[in-house]
Amino acid sequence: MMVARLIGDKGVREYVAAAAQVAWRRPDVRFLLIGPQGVSNSSAIPPDEVARWREAGVVESLAACMQDGLALPRETLAAAGQTARRRIEAEFDERLVVRAALDCLEGARP
């Protein structure tokens, strides 16, 4: 999962390129791209480019959800963020991360 404004300076294209390489070997892995589109920045990634990534099945973009969410009142966003953090912390299992890292290392061996 990458959470960032959809601009080239944030490494979004590099994330998508890496996702494509991993997905080739591990089609069971999902890659999420979460962040607002259409930001005012010289390296902003055009919506049609993001659409091509989605259509190719490389990443799942939640940009539209992000845009809708940003229109909510600040207090609502803060409460939602706190709730999400508590839920993630309650359900997170570091063993999943370690297992994924080990799988990647095993796959990289010649």
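This chain uses plain numbering: 1 for the first residue, then up along the sequence.
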>> Can you give me the closest heavy-atom contact between A19 and F31, atom names plus distance?
In response: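 Closest approach of A19 to F31, heavy atoms only: CB-CG, 3.5 Å.
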
> Where do V58 and V16 come nearest, in terms of heavy atoms and distance?
Replying inline: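 So the minimum-distance heavy-atom pair works out to CG1-O, 3.5 Å.
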
> Which of these, V59, V50, L33, sits in a side-chain contact (heavy atoms from CB on, under 4.5 Å) with V12?
Replying inline: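 Looking at V59, V50, L33, the match for V12 under the side-chain contact (heavy atoms from CB on, under 4.5 Å) is L33.
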
> Residues in side-chain contact (heavy atoms from CB on, under 4.5 Å) with A4, at least two apart?
Replying inline: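 M2, K10.
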
>> Taking side-chain contact (heavy atoms from CB on, under 4.5 Å) as the definition, give me every residue that meets it alongside R13, ordered by chain and number, with sequence neighbours left out.
In response: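 Result, side-chain contact (heavy atoms from CB on, under 4.5 Å) vs R13: I45, P46, E49, W53.
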
